[in-house]
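Before we start, here is the structure in question, set down as structure tokens.
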Amino acid sequence: MSSLDALFDRLQQSAFRRQFKLGLKEQAYVRDKGLRLVMQHAGEIVANRLAAALPARDGKQTPFRGHPVFIAQHATACCCRGCLAEWHGIAQGSALTAEQQAYIVRVLARWLEQAAGNLPPLAETVIRPAARPKPRRNTDKHLGQLPIVFTDEAE
């Protein structure tokens, strides 16, 4: 069993980590942009938000929605330096090496590949019809909200 297999087995034991799924917007983003581009974004996000020895707003720097990588970070405990220390054994207080960043991107890639593999095909995606507008009364403001009565209706 590879170390990633063991990690993903442990992550599946956590109810918190197991709850993360790609939402409809994130699914569409992965489909539209492709996994290759999303993984480029993952490398940039890891470098910009996690790689510093003391990241800004550590523990609060990763949103819970808005990009597939953010969701993958929470699902794989790659969201902050505290989680990286607890789940991955990457010590806090020193900048991430290129190898550590590449490892984190591999972890995110594996989760995103699994999540993207579970996406329903486009034809099966539930598309909700737009809500019908509520019928409005035919009124005029200058008439004080009185309904307009047409001559052929008055008879």
Side-chain angles (χ1 to χ4, degrees), residues 1-139 141:
M1 182 185 309
S2 77
S3 62
L4 286 185
D5 289 338
L7 170 68
F8 277 82
D9 287 344
R10 284 189 331 146
L11 289 168
Q12 282 301 305
Q13 301 305 314
S14 168
F16 178 73
R17 303 291 170 195
R18 204 174 45 236
Q19 77 179 346
F20 291 98
K21 307 279 188 263
L22 293 178
L24 291 177
K25 288 181 181 179
E26 291 85 7
Q27 290 176 18
Y29 191 86
V30 171
R31 278 197 188 101
D32 293 345
K33 303 295 182 183
L35 202 53
R36 172 176 254 159
L37 181 63
V38 171
M39 293 319 304
Q40 285 178 335
H41 294 170
E44 294 168 5
I45 289 170
V46 168
N48 293 332
R49 292 177 180 245
L50 290 174
L54 300 170
R57 300 189 61 217
D58 193 27
K60 296 181 175 100
Q61 76 268 37
T62 305
F64 282 89
R65 61 181 177 266
H67 196 286
V69 173
F70 296 151
I71 296 166
Q73 284 182 280
H74 289 293
T76 60
C78 295
C79 46
C80 67
R81 294 302 295 272
C83 290
L84 284 171
E86 179 182 343
W87 286 85
H88 302 276
I90 298 174
Q92 291 179 282
S94 59
L96 295 176
T97 66
E99 289 174 3
Q100 290 170 328
Q101 291 181 47
Y103 163 79
I104 294 167
V105 171
R106 278 196 313 274
V107 170
L108 297 172
R110 178 163 170 175
W111 189 88
L112 284 166
E113 287 169 357
Q114 289 176 346
N118 293 333
L119 296 180
L122 284 175
E124 294 179 19
T125 302
V126 177
I127 300 173
R128 296 182 184 171
R132 287 180 166 184
K134 292 182 181 179
R136 296 183 350 174
R137 291 181 58 187
N138 192 3
T139 60
K141 286 186 178 183

Please report, to 0.1 Å, the donor-acceptor pairs under 3.5 Å made by any side chain of residues 86-93, with sequence neighbours excluded.
residue: His88; atom: ND1; partner: Tyr103; partner atom: OH; Å: 2.9
residue: His88; atom: NE2; partner: Thr76; partner atom: O; Å: 2.9
residue: His88; atom: NE2; partner: Ala77; partner atom: O; Å: 3.4

Considering non-hydrogen atoms only, spot the tightest contact between Val38 and Val69 and give its length.
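Minimum heavy-atom contact is O-CG2, 3.6 Å.
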Considering all heavy atoms of both residues, which atom of Leu108 and which atom of Ala42 are nearest to each other, and what is their separation?
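So the minimum-distance heavy-atom pair works out to CD1-CB, 4.2 Å.
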Under 3.5 Å: donor-acceptor pair, side chain of Glu26, backbone of Gly23: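 Looks like yes, one N/O pair under 3.5 Å.
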**OP:** Can you measure from CD1 (Ile71) to NZ (Lys25) and round to the nearest 0.5 angstrom?
**Re:**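 Between Ile71 CD1 and Lys25 NZ, I get 11.0 Å after rounding to 0.5 Å.
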request  = Scan residues 65-75 for pairs that pass side chain to side chain donor-acceptor pair (under 3.5 Å), counting only residues two or more places apart or in two chains.
outcome  =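 Only His41-His67 qualify under side chain to side chain donor-acceptor pair (under 3.5 Å).
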field: Leu96 vs Arg81, side chain to side chain contact (heavy atoms under 4.5 Å, CB included): CA-CA, chis, key distance, verdict
entry: CA-CA 10 Å; Leu96 295 176; Arg81 294 302 295 272; 3.7 Å; yes
Original post:
From Leu50 CG over to Leu84 CG, what is the distance, rounded to the nearest 0.5 angstrom?
Top reply: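 Interatomic distance, Leu50 CG to Leu84 CG, rounded to 0.5 Å: 5.5 Å.
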Selection residues 49-62 - residue pairs positive for side chain to side chain donor-acceptor pair (under 3.5 Å), sequence neighbours left out =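 Matches after skipping sequence neighbours: Asp58-Gln61.
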Closest approach of Leu112 and Met39, non-hydrogen atoms and distance?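 In terms of heavy atoms, the two residues are closest at CD1-SD, 3.7 Å.
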* To do: Please report the closest heavy-atom contact between Val30 and Pro68, naming both atoms and the distance.
  =>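 Taking every non-hydrogen atom into account, CG2-CG, 3.6 Å.
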| request: Nearest 0.5 Å please: distance from the CZ atom of Phe8 over to the CH2 atom of Trp111. | output: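 One gets 9.0 Å once the value is rounded to the nearest 0.5 Å.
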| request: Determine which pairs satisfy side chain to side chain donor-acceptor pair (under 3.5 Å) with at least one residue from residues 13-24, sequence neighbours left out, and list them in order. | output: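 Residue pairs passing side chain to side chain donor-acceptor pair (under 3.5 Å), neighbours aside: none found.
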Original post:
Where is the tightest heavy-atom contact between Ala47 and Ala51, given as atom of each residue plus distance?
Top reply: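 Shortest heavy-atom separation between Ala47 and Ala51 comes out as O-CB, 3.4 Å.
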Below 4.0 angstrom, N of the basic side chain to O of the carboxylate: do Asp5 and Arg110 qualify?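 Arg110 and Asp5: salt-bridged.
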Any chance you could measure Glu99, atom CD, to Arg106, atom CZ, to the nearest 0.5 Å?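 So the gap between those two atoms works out to 9.0 Å.
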Quiz prompt | Cys78 side, atom SG; Leu11 side, atom CG - distance, nearest 0.5 Å | solution =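 Interatomic distance, Cys78 SG to Leu11 CG, rounded to 0.5 Å: 8.0 Å.
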